[in-house]
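Here the structure comes first, spelled out in structure tokens, and everything after it is commentary.
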Amino acid sequence: MSEHEYVPKSKAAKWFNDRLPLLTLGAHLTDYPTPKNLNYWWTFGGILTFCLITQIVTGIVLAMHYVAHADLAFASVEHIMRDVNYGWLIRYIHSNGASMFFLAVYIHIFRSLFYGSYKSPREVIWIIGLMIYLLMMAAAFMGYVLPWGQMSFWGATVITNLFSAIPLVGDSITTWLWGAYSVDNPTLNRFFSLHYLIPFLILGLVVLHIWALHVPGNNNPVGIDIKKPSKDTVPFHPYITIKDAFALLVFMIIFAGFVFFTPNVLGHSDNYIPANPLVTPAHIVPEWYLLPFYAILRSVPDKLGGVILMFSAIFILFVLPWLDTSKVRSAVFRPIYRQFFWILVIDVLMLGYVGAMPAEGIYLVLARVGTIYYFLHFIVVMPVVGYLEKTDPIPMSISEPVLSGGAEPSLARKVNDKV
Amino acid sequence: MSKEEKKVNRRDFLFTASYTVGAVGVGAVIWPMIDQMNPDKAQQALATTEVDISNIEPGKSITVLWRGKPVFLKRRTSEEIAEARAVKLDDLPDPQKDEDRVKEGKDEWLVMLGVCTHLGCVPLKDKGDFNGWFCPCHGSHYDVSGRIRKGPAPTNMEIPKFEFVDSNTIKIG
């Protein structure tokens, strides 16, 4: 990235760097030119890295005390909570950490949607990010099964039964996933194995995500390319590291607030009842971060249709860079799209809310309206608005709005002139 | 020219043969890795369960566990049987006669998997709009024969393979 070639100072460092250029990589990461107008919505990459490391470290420790067996799992979790030194703390960090991880990833994703970070030339970053998101959902789901409480068991039953909707081979696939004829000990065992594996797959994808990011460089709030690195950018360290560190501290305060004051508020009390294959809890809900998709699943009065729609809701995001026809990245300069963006935010929040409610009456109506808008937003609104919208004038360079004290540019060119 | 072509062909054959043998080898290794996830011998060994039904009064039902799944055994009253048989097949999303869901001559015994065919929850008995079962998860209603009547479930509750060992014992599986 940087134009000058890095040369280590000491002889020993040079000897090592000639054989494995780790120091060159470190220098690249330190000097990495970053747009100087990044706002706090850009601090969630660092926050998410922190979340991943936290989950891996606490998870490895929990695995030293947890027993992945249907007869012992529930008791071993209680053993962690009561007997293991600081076990309660480590487990609460891990379980709330999952929620904080999703909170951060949703902000990160919506930031990308608002500022058009998924658009050319950053499509691959976006797609790798979505793969991370999918793996996160798989890891979170399997992790929720491990305590082997009522919600664990029945959540696992409902989610694995989604695959039974597949015509012809559905039942065989479900049995194969279970390793039994119902969710049972073999299921718990393999979920533990995969739950341990997936974070390391995510870690690998995070490396690719950052690598792909460092090819074109960061997007930024005005969404235009860097014109002059010397004027438009600052080195990653110390400018961005200190800003990321500050945001991370604020994030950790919220995180600690959950861990120490309301550690169970995001969970479900039914999961403190041991799994019972004979009794389904009266009201099954997934964890909050999966609720919008659950609402979409339940909004369709047909099993296969619901499953297809739910998976489509995620997979449609993969083609988003090609559904968005606008040449302007940042919604700051897109007066029409900006409004639809906020409608989408409200729509997803509403779907999350109705996903937690019983699927009947007004909630079912809202779920259907929300589902229809969700798909319309991506399939119709994004291509059409991008094509018809008259965008606001975008600034000449990153420096300009920064120096003139706001996003409103003094000198500007019209982007609609199709340069 | 012809000599060169011959050489290329020979090499092509070697490539193709290598790829083929390689693919067979990879497949031979991958299959055990996939199949190990299917139910093992211990799971398959749980394939049958015998149930004593002598204590079940008419109109009552019990739930037993078979292969980790609940099985409902309901001894139906003659009114309930009549109600199930009065339903027109046109009213059923998954048309099936009540007669086909019980053993001939043992019409009072309904033996079925207590698993909602939507996403696998256990329906609650004596609930719902059709005097049968109601699944609390996503609102599927089943009638007194365990047939789906309303809601997202696609099919009737499944009848497992079972037989009467004697007049007091049912063997499921």
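Everything quoted here is computed from the prediction, not taken from an experiment. A note on names: the letters A, B, ... follow the listed sequences, proteins ahead of strands, and every chain is numbered from 1.
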Inset, instruction - Would you mind telling me which of B/Gly139, B/Gly120, B/Pro70 has the largest number of heavy-atom pairs within less than 4.5 Å of chain A? - result: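 Looking at each of B/Gly139, B/Gly120, B/Pro70 in turn, B/Gly120 comes out on top.
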Legend entry - Pick from B/Cys135, B/Gly114, B/Ala42, B/Gly68 with the largest number of heavy-atom pairs that fall under 4.5 Å of chain A: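 Going by pairs under 4.5 Å, I would pick B/Gly68.
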Inset, instruction - Verify side chain to side chain contact (heavy atoms under 4.5 Å, CB included) between A/Ile284 and B/Leu119, making sure each step is shown before the conclusion. - result: CA-CA 11 Å; A/Ile284 291 193; B/Leu119 294 174; over 6 Å; no
Inset, instruction - With sequence neighbours excluded, give me every salt bridge (Lys or Arg N to Asp or Glu O under 4.0 Å) pair touching residues 131-158 of chain A. - result: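 Checked against salt bridge (Lys or Arg N to Asp or Glu O under 4.0 Å) - neighbours excluded - no pair reaches residues 131-158 of chain A.
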Show the pairs of one donor and one acceptor atom, one from chain A and one from chain B, lying under 3.5 Å apart.
unit_1	atom_1	unit_2	atom_2	d
A/Asn161	ND2	B/Leu119	O	3.0
A/Trp176	NE1	B/Ile34	O	2.7
A/Tyr181	O	B/Lys69	NZ	3.0
A/Ser182	OG	B/Arg67	O	3.4
A/Ser182	OG	B/Gly68	O	3.2
A/Arg190	NH1	B/Met37	O	2.9
A/Arg190	NH2	B/Met37	O	3.0
A/Thr280	OG1	B/Val122	N	2.7
A/Tyr294	OH	B/His138	NE2	2.8
A/Lys303	NZ	B/Thr117	O	2.8
A/Lys303	NZ	B/His118	O	2.9

Inset, instruction - Report yes if the side chains of B/Val122 and A/Val279 come closer than 4.5 Å at any heavy-atom pair, otherwise no. - result: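 With C-beta onward as the side chain, the pair stays apart.
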Legend entry - Residue pairs involving residues 17-129 of chain B (criterion disulfide bond (SG atoms under 2.5 Å apart); sequence neighbours excluded):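 Applying disulfide bond (SG atoms under 2.5 Å apart) to every pair that reaches into residues 17-129 of chain B, excluding sequence neighbours, yields B/Cys121-B/Cys137.
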Inset, instruction - Using a cut-off of 6.0 Å, state whether more than 12 heavy atoms not belonging to A/Met357 lie near its atom CE. - result: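 Yes, CE of A/Met357 has more than 12 neighbouring heavy atoms, counting only those of other groups under 6.0 Å.
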Answer with side chain, backbone, both or neither: which region of [X] has an atom nearer than 4.5 Å to a non-hydrogen atom of chain B?
X	answer
A/Leu278	both
A/Leu304	neither
A/Ala180	both

Legend entry - Interchain contact, B/Leu124 with chain A, by part (heavy-atom threshold 4.5 Å):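 Neither the backbone nor the side chain of B/Leu124 comes within 4.5 Å of chain A.
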Inset, instruction - Sort out for me which of A/Pro301, A/Pro277, A/Pro281 touches chain B most, counting heavy-atom pairs under 4.5 Å. - result: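 Ranked by heavy-atom pairs under 4.5 Å with chain B, first place is A/Pro277.
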Taking only distance into account, with no hydrogens and no angle test, what donor-acceptor pairs under 3.5 Å do side-chain atoms of residues 372-379 of chain A form with protein atoms, sequence neighbours excluded?
unit_1	atom_1	unit_2	atom_2	d
A/Tyr373	OH	A/His377	ND1	2.9
A/Tyr374	OH	A/Ala313	O	2.8

